[in-house]
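Some notes on the structure that comes next.
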Amino acid sequence: TELPPQEMGATWLHRPHIQLQALLQELNLELFEQVMGPDAIYEQSSSAPAQLIQLPPNPEPSHRIQGGTSRLINSLAAQLPVHWIQLGVQVRSIEDKGAHIEVVLAGEKAHLSAKQVVSTLPPNLFAQTINCSPSLPKELLSACAKTHTWMGESIKVSVAYRDPFWRKPNTSGTIFSNAGPLTEFYDHAPVENDSYALMGFMNGALADLSREKRKQLVSAQLQKYYGPQAADMLDYNELVWRKEPFTFHASTQGMVPHQNNGHPIYRQSYWGKKLYLGGSETAASHPGYMEGAVASAHWLATQFKTT
């Protein structure tokens with residue numbers, strides 16, 4: 001059985017995400033509705049048995065991209081000359097040289113020269129890992145240090161199975177649990193319904209456990225709902241996002257979700273319009289979501305048209 005795409009990153013979009021939907025239409029990428037079902041398994045606490053509860057009608061369901069979110073990335077990349085995209089290259093520092101910006105790379109004596117630079121790193125990661133010369137304004141660096149990387153502490157989990165047993169009567173593939181370790185789980189079959197999986201989120205506090213221990217906890221929780229058949233996994237995937245060094249950097253300060261996302265300081269230019277900060281967390285609308293990334297790109301495009 002071919003496994004469905006395992007979405008370890010951004011997965012869902014919603015009706016208000018109009019700029020993302022316009023981009024998907026431009027790229028001829030289609031959507032399909034997230035399967036929720038009429039009921040959900042709900043576990044109020046570790047001391048209370050799980051219940052099957054009725055879900056209210058949802059007038060604005062979530063949608064997924066047919067073939068997986070990676071199709072969006074690959075479709076955009078395919079429109080660029082191959083040599084424009086360099087993978088596996090880490091930027092160490094950027095320096096304003098007056099007429100241009102010099103970008104210094106790690107691991108080799110390689111430099112890139114550019115008239116303008118846009119960083120789409122999450123702002124906290126940018127401020128803590130990229131050396132800038134001359135130093136950027138203190139108010140910008142302070143905002144970066146206090147900007148939450150949306151879903152950065154998440155642990156995403158996907159489990160593939162041979163049969164979609166959660167679609168049988170009197171059960172569900174939609175799970176909400178206050179007991180955990182899984183906090184929410186959903187049917188993750190592709191639109192073709194030719195392979196089957198469940199996918200969702202695990203309590204982020206379990207990041208320091210081993211992968212095998214987390215897998216055991218997931219299996220035990222799913223067996224509690226579905227019986228022994230839940231132990232027969234075709235595949236188990238997880239991604240502990242706080243351990244992805246090119247996406248997340250632990251903050252020295254406590255932050256709440258979306259803190260400083262979309263802060264107006266990110267819609268300024270630096271070093272005489274040679275340096276811009278973009279990316280989802282900087283967007284004025286829907287920051288942190290895929291829609292925010294597209295909105296940020298649109299804003300940046302308008303800036304370059306006027307420079």
Side-chain angles (χ1 to χ4, degrees), residues 6-14 17 34 43 45-46 62 64 68-70 73 90 119-130 141-159 174-186 188 197-222 236-263 265-266 277-283 285-293 295-296:
Q6 310 285 287
E7 297 284 15
M8 295 290 103
T11 303
W12 297 282
L13 60 146
H14 310 279
H17 297 172
Q34 169 66 47
E43 195 170 20
S45 69
S46 58
S62 302
R64 291 159 53 196
T69 305
S70 61
I73 301 167
Q90 182 180 359
S119 169
T120 58
L121 294 175
N124 181 48
L125 181 68
F126 171 81
Q128 295 203 53
T129 62
I130 306 297
L141 297 177
S142 177
C144 288
K146 298 174 184 176
T147 297
H148 182 240
T149 301
W150 181 230
M151 304 303 288
E153 299 87 358
S154 297
I155 302 176
K156 209 162 189 188
V157 175
S158 181
V159 185
T174 302
I175 299 167
F176 301 107
S177 173
N178 295 327
L182 298 171
T183 56
E184 51 183 298
F185 233 40
Y186 304 97
H188 199 53
L198 293 167
M199 185 275 292
F201 299 96
M202 177 184 282
N203 188 326
L206 303 177
D208 291 330
L209 295 181
S210 68
R211 180 183 187 276
E212 188 57 36
K213 180 60 178 176
R214 282 190 294 267
K215 181 180 178 181
Q216 291 172 7
L217 291 172
V218 168
S219 179
Q221 184 175 355
L222 294 178
Y236 172 86
N237 278 289
E238 65 169 33
L239 193 64
V240 182
W241 275 104
R242 66 164 60 247
K243 294 189 176 180
E244 293 294 305
F246 299 114
T247 302
F248 183 83
H249 197 292
S251 174
T252 57
Q253 309 172 45
M255 285 188 277
V256 298
H258 285 308
Q259 181 173 319
N260 276 337
N261 283 187
H263 194 294
I265 201 167
Y266 298 129
L277 270 63
S280 185
E281 280 79 12
T282 71
S285 62
H286 302 281
Y289 295 94
M290 288 188 281
E291 173 74 4
S296 171

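By convention here, the first residue in the shown sequence is residue 1. The figures here come from the full heavy-atom set of this structure, side chains too, leaving out hydrogens, waters and symmetry mates. For clarity, every value in this text was computed on a predicted model and none was experimentally measured.
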When rounded to the nearest 0.5 angstrom, what is the spacing between [atom1] in [X] and [atom2] in [Y]?
X	Y	atom1	atom2	result
Thr147	Gln259	OG1	CD	7.5 Å
Thr11	Gln6	OG1	CD	10.5 Å
Met202	Lys215	CE	NZ	12.0 Å
Asp208	Lys213	CG	NZ	14.5 Å
Phe185	Phe201	CZ	CZ	10.0 Å
Thr174	Glu184	OG1	CD	10.5 Å

Ser219 and Tyr236: side chain donor to acceptor below 3.5 Å: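 The answer is no; no qualifying pair exists.
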Close side-chain approach of [X] and [Y], heavy atoms under 4.5 Å:
X	Y	value
Met199	Tyr186	no
Trp12	Glu7	no
Leu277	Cys144	yes
Met8	Ser158	yes
Arg64	His188	yes

With sequence neighbours excluded, residues passing side chain to side chain donor-acceptor pair (under 3.5 Å) with Asn203: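 Asn203 satisfies side chain to side chain donor-acceptor pair (under 3.5 Å) with no residue once adjacent residues are dropped.
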Sequence-distant partners of Ser45, side chain to side chain donor-acceptor pair (under 3.5 Å), two or more places apart: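 Result, side chain to side chain donor-acceptor pair (under 3.5 Å) vs Ser45: Ser47.
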Listed partners of Glu238 passing salt bridge (charged side-chain N to carboxylate O under 4.0 Å, His left out), at least two apart: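 If we apply the salt bridge (charged side-chain N to carboxylate O under 4.0 Å, His left out) test to Glu238, skipping adjacent residues, the hits are Arg214.
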For Glu153, salt bridge (charged side-chain N to carboxylate O under 4.0 Å, His left out) partners two or more places apart: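 Salt bridge (charged side-chain N to carboxylate O under 4.0 Å, His left out) list for Glu153, sorted by chain: empty.
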Least distance between heavy atoms, [X] atom then [Y] atom:
X	Y	value
Ser119	Phe126	OG-CD1, 3.2 Å
Pro287	Gly262	CB-N, 3.8 Å
Ala143	Asn260	O-ND2, 3.8 Å
Gln128	Ala250	NE2-O, 3.3 Å
His249	Asn124	O-ND2, 2.8 Å
Leu206	Pro181	CD1-CB, 3.3 Å

Working for side-chain contact (heavy atoms from CB on, under 4.5 Å), residues Met151 and Tyr289: CA-CA 10 Å; Met151 304 303 288; Tyr289 295 94; over 6 Å; no
Treating [X] as the side-chain partner and [Y] as the backbone partner, does any N or O pair qualify as donor plus acceptor under 3.5 Å?
X	Y	value
Gln221	Leu182	yes
Ser154	Lys156	no
Trp241	Gly9	no
Lys243	Ala207	yes
Ser296	Ser280	no

Qualifying residues under ring-ring contact (aromatic ring centres under 6.0 Å, His included), relative to His286, sequence neighbours excluded: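 If we apply the ring-ring contact (aromatic ring centres under 6.0 Å, His included) test to His286, skipping adjacent residues, the hits are His17.
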Partners passing side chain to side chain contact (heavy atoms under 4.5 Å, CB included) against Pro122 (at least two apart in sequence or in another chain):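 If we apply the side chain to side chain contact (heavy atoms under 4.5 Å, CB included) test to Pro122, skipping adjacent residues, the hits are Leu125, Thr149, Glu281.
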